[in-house]
Each structure stands twice: as structure tokens, then as C-alpha cells.
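Worksheet: one structure, shown below.
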Protein chains: 2
Amino acid sequence: MDYKFRSNCPISSVLDIIGDKWSLLILRDMMFAGKKTFGEFSSSSEKIATNILTDRLQTLEQTGLITKGKLPDNKKTNIYKLTEKGIDFLPVMTEVMLWSNKHLNEHVSEENQKVAAMIQKDKEAFIKVMRSRLAD
Amino acid sequence: MDYKFRSNCPISSVLDIIGDKWSLLILRDMMFAGKKTFGEFSSSSEKIATNILTDRLQTLEQTGLITKGKLPDNKKTNIYKLTEKGIDFLPVMTEVMLWSNKHLNEHVSEENQKVAAMIQKDKEAFIKVMRSRLAD
DNA sequence: AATTTTACTTGCAAAACGAAAGTAAAATTA
DNA sequence: TAATTTTACTTTCGTTTTGCAAGTAAAATT
């Protein structure tokens, strides 16, 4: 099987998103922690600055990975959701999680190691379950 | 199947690497373009600044994803290689490539689209082939 | 009506970035 | 062997980004 790229592969085009740690953290929290609001993102243990969080949410929205909306009875709180394009990023984040679990495992709880082992066994099943959770 | 994380998943620990676009470009060029030297990395179309390239190569070495060596008969040119830890990052870069190909395809050559379709059909086979290339 | 919450904005010092020029060791060329 | 070129950086400095901390206005709660 010959995998040969004749021109630059398009990875560089996505680097404004995945080459930014705060954007990745937001996507992680949306995908794996079910977070939806500015306050929830702000409360992550990594302590993102509020001006940076604002900036990254705007960038993710402008590049079509998330949308910003409101609940019908609440004009104040923004609700952020992943778009289809954003949900399609799940395999990337899943592989990042698995890589981290394997290579940075001195920082990983035993509980998370077990979950990662289950995911490793059947990535497709995991992604299917997560997709259906996020599609709500 | 219940995938439930009881504590923070370890993604944030890896963000110094994958949350940096220049590091990702270097890893891409090593994995998919077979690049090994400072000059080759420097010649990528994204035009990384030489002081930044130096900095990122040092960071990747210090975090154990690449090694820096020389050829036996050449004391001048540095040869960079992926470590096992670095090669394990292949699935992440593969998913990034597939995501880019799907969502940024107006920038993607027809040739690369065909290659991406082949990869999508059998990711495991692709990763196996690439691993054996890189393990040399 | 008063207070709290939410999602920001602002000011500013520090850090990072990146263009461009320079440098020294090592290789190549004449 | 001397001159030139190549390689992998380092340095300078202006610009941009980051991030802390305080402030703000609209909306919700008390």
C-alpha cells in the first residue's frame, strides 16, 4: 500500500485550532466533561483567563466548530454546543487522551486508566456513544 | 458502556506539545514527509522562524518525543528522529489529517483526497506502514 | 429595590513571537 | 591549503499575545 503525498497535506490549515492549548481544553471539556457555559469552562482546573476564554470561544465559533445560543427562558447565560464539524473532532481528542494516558500515566488516576483501556479496546464504540451524547 | 471520568482526564498535560502549532508541524513533517534535518524543517511552506524552530526542537527533545543525533561521517548536520513515544503520536496526527481533509477540503488536492480516503478505510494498516517506515 | 451572577472589557506589565542580520564550526570547492 | 559555502543556530528589537486583576452592564435572584 503506497501512501504518498504529492503536495503539502492540509494539517497546517487546522493549526489555529489544534495548535492552541486553550481551544483544545475547551473542546475537551465540551466533549468529555459535558460543559456548556462560560462559567463551566472558566472553572476548569487549568484556570484559563477570562479574556483568553472569550477570545477562544469566539474563534471556535467563527471557524464553525461550536455555536453560541441561549436557553428559551434565560437571556443571560450563553449555551455553547459543538457543531457537526466540532463533533467530528472527537477521534482527534480521543487519540490525544489515549496518548496522554499511555505516556503521562504517572499523572493519571487508576480510574481513568481503566476507562482508557476500555476505550482503547473499542474506539469506534466509544466514539459512537460520545457522538450520541453530544448530538442532543 | 459507561465512560465516566472521575477526575480530570490527562489531556492538559500534553498541551505544551500539541497545543503548539509549530511543534505539530515538525511532527507532521517527520511523520508524513520524512524530514529529518533543521534545513528540511526550515524549508516547509509555513516558513517557521529559525529561532522558533530551534526552540521547538529543543522542547520536543526535552519531552522525549524526538532525539537529536549525527551521521557517522558528518559532524555538522543534526539528524532528528522520533522516539517510540513520538511514533505513538501517529494516531493523533492521522486523525488530524483526516479531519482536515474532510473539513478543509477546498484547500486539498485531489491526490491527497484519494490518499485520505484510503487511510480512512483502514487506519490500522496505514499506521502500521508508517510505523515501520519511521522505526528505521 | 438591592444584591448577585454572568459574560465579558480594560489597563498594563511580562512574555512570546518573528524578521533580519550576524556568527562559528564544519564541509566543500578551487 | 586557502577560500567559499553550508548548517545550525544566536542576537537584537519592534510587535503581538498573554494573563492578572479590576471594572462594567445586563440579567437574574433575593
Side-chain angles (χ1 to χ4, degrees), chain A residues 11-30 33-63 65-82 86, chain B residues 11-30 33-63 65-82 86:
Chain A
I11 289 178
S12 63
S13 310
V14 73
L15 291 183
D16 287 343
I17 309 304
I18 69 157
D20 175 71
K21 68 178 250 179
W22 298 119
S23 298
L24 290 174
L25 276 172
I26 292 166
L27 292 174
R28 175 202 71 178
D29 285 351
M30 293 180 83
K35 293 180 178 180
K36 299 181 166 67
T37 69
F38 190 99
E40 290 174 324
F41 299 132
S42 189
S43 71
S44 293
S45 59
E46 290 84 7
K47 295 293 179 199
I48 183 172
T50 54
N51 53 330
I52 303 297
L53 178 51
T54 300
D55 181 75
R56 298 307 193 267
L57 287 169
Q58 284 173 356
T59 300
L60 286 167
E61 192 184 356
Q62 278 155 13
T63 53
L65 273 81
I66 68 175
T67 57
K68 173 165 137 182
K70 307 268 191 192
L71 291 172
D73 58 344
N74 188 337
K75 284 180 178 170
K76 192 177 182 185
T77 303
N78 290 327
I79 303 293
Y80 294 93
K81 284 187 175 181
L82 289 158
Chain B
I11 287 177
S12 62
S13 310
V14 73
L15 291 181
D16 288 342
I17 308 304
I18 69 157
D20 176 70
K21 67 178 248 180
W22 298 119
S23 298
L24 290 174
L25 275 172
I26 293 165
L27 292 174
R28 175 202 71 178
D29 285 351
M30 293 180 83
K35 291 181 179 179
K36 298 183 169 64
T37 69
F38 190 98
E40 290 174 324
F41 299 132
S42 189
S43 71
S44 293
S45 60
E46 291 83 8
K47 296 292 178 201
I48 183 173
T50 53
N51 53 331
I52 303 297
L53 177 53
T54 299
D55 179 70
R56 298 307 192 269
L57 287 169
Q58 285 175 353
T59 300
L60 287 168
E61 193 184 356
Q62 279 157 11
T63 53
L65 272 81
I66 68 175
T67 57
K68 174 164 136 182
K70 307 270 192 189
L71 290 172
D73 58 344
N74 188 336
K75 284 180 179 170
K76 192 176 182 186
T77 304
N78 290 327
I79 303 292
Y80 294 94
K81 284 186 175 181
L82 288 159

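Chain letters run A, B, ... following the sequence lines, proteins first and then strands; every chain starts at 1. For clarity, every value in this text was computed on a predicted model and none was experimentally measured.
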If you measure from CD1 on Ile52(A) to CG on Leu57(A), what distance do you get to the nearest 0.5 Å? 11.5 Å
Selected nucleotide, minimal atom distance to Ala49(B) side chain, candidates dC8(C), dG19(D), dA19(C): dA19(C)
Give the rounded distance in Å between these two atoms: CG of Leu53(B) and C1' of dC17(C). 14 Å
Residue pair Asn78(B) / Lys70(B): nearest heavy atoms and the distance that separates them: OD1-NZ, 2.9 Å
Does the pair Glu61(A)/Lys81(A) count as a salt bridge with the N-to-O cut at 4.0 Å? no
Measure from the side chain of Phe38(A), starting at C-beta and using heavy atoms only, and say which of dG19(D), dC9(D), dC8(C) lies closest. dC8(C)
Could you identify the nucleotide paired to dT30(D), looking across every strand shown and requiring Watson-Crick or G-U wobble geometry with both distances under 3.5 Å? dA1(C)
Rounded to the nearest Å, what distance is computed from the NZ atom of residue Lys36(A) to the C1' atom of nucleotide dT6(C)? 18 Å
Select from Glu40(B) and Lys47(A) the residue whose nearest nucleotide in DNA chain D is closer to the 5' end of that strand. Glu40(B)
Ignoring hydrogens and angles, state whether a donor on the side chain of Lys35(B) or Ser44(B) is under 3.5 Å from an acceptor on the partner side chain. yes
Taking atom types as modelled and ignoring hydrogens, do the side chains of Ser42(B) and Lys47(B) form a donor-acceptor contact shorter than 3.5 angstrom? no
Taking atom P of dA8(D) as reference, at what distance in whole Å does atom CD of Glu61(B) sit? 14 Å
Rounded distance (Å) that lies between atom C1' of dA8(D) and atom CD1 of Ile79(B): 13 Å
Value in whole Å for how far the P atom of dA8(D) lies from CG of Leu57(B): 10 Å
Is it the case that dT9(C) (base atoms only) and Thr50(A) (side chain only) share a donor and an acceptor within less than 3.5 Å, ignoring hydrogens and angles? yes
Within the structure, does a side-chain N or O atom of Trp22(B) lie under 4.0 Å from either OP1 or OP2 of dG18(C)? yes
Arg56(A) side chain N/O closer than 4.0 Å to the phosphate oxygens (OP1, OP2) of dT17(D)? no
Within the structure, does a side-chain N or O atom of Lys70(A) lie under 4.0 Å from either OP1 or OP2 of dT6(C)? no
Using a 4.0 Å heavy-atom cut-off across all strands, classify Thr77(B) as base, sugar-phosphate, or nothing. sugar-phosphate
Would Asp20(B) and Arg56(B) pass as an ion pair if we require N to O under 4.0 Å? yes
Take atom CD of Glu46(B) and atom C1' of dG18(C), then tell me their distance rounded to the nearest Å. 15 Å
Starting the side chain at C-beta, find the nucleotide from dG11(C), dC8(C), dA19(C) nearest to Asn51(B). dA19(C)
Regarding Tyr80(B), tell me which of base, sugar-phosphate or nothing describes its non-hydrogen contacts under 4.0 Å with the strands shown. sugar-phosphate
Output yes when at least one side-chain N/O atom of Asn74(A) is less than 4.0 Å from OP1 or OP2 of dA27(D), else no. no
Is the distance from OP1 or OP2 of dA8(D) to the nearest side-chain N or O of Lys75(B) less than 4.0 Å? no
Both distances below 3.5 Å, Watson-Crick or wobble geometry, any strand: find the nucleotide opposite dT17(D). dA14(C)
Rounded to the Å, how far apart are Ile52(A) CD1 and dA7(C) C1'? 15 Å
Whole-Å gap separating C1' (dC8(C)) and CZ (Phe41(A)): 15 Å
Does any nucleotide pair with dC9(D) by Watson-Crick or G-U wobble geometry, both distances under 3.5 Å, and what is it? dG22(C)
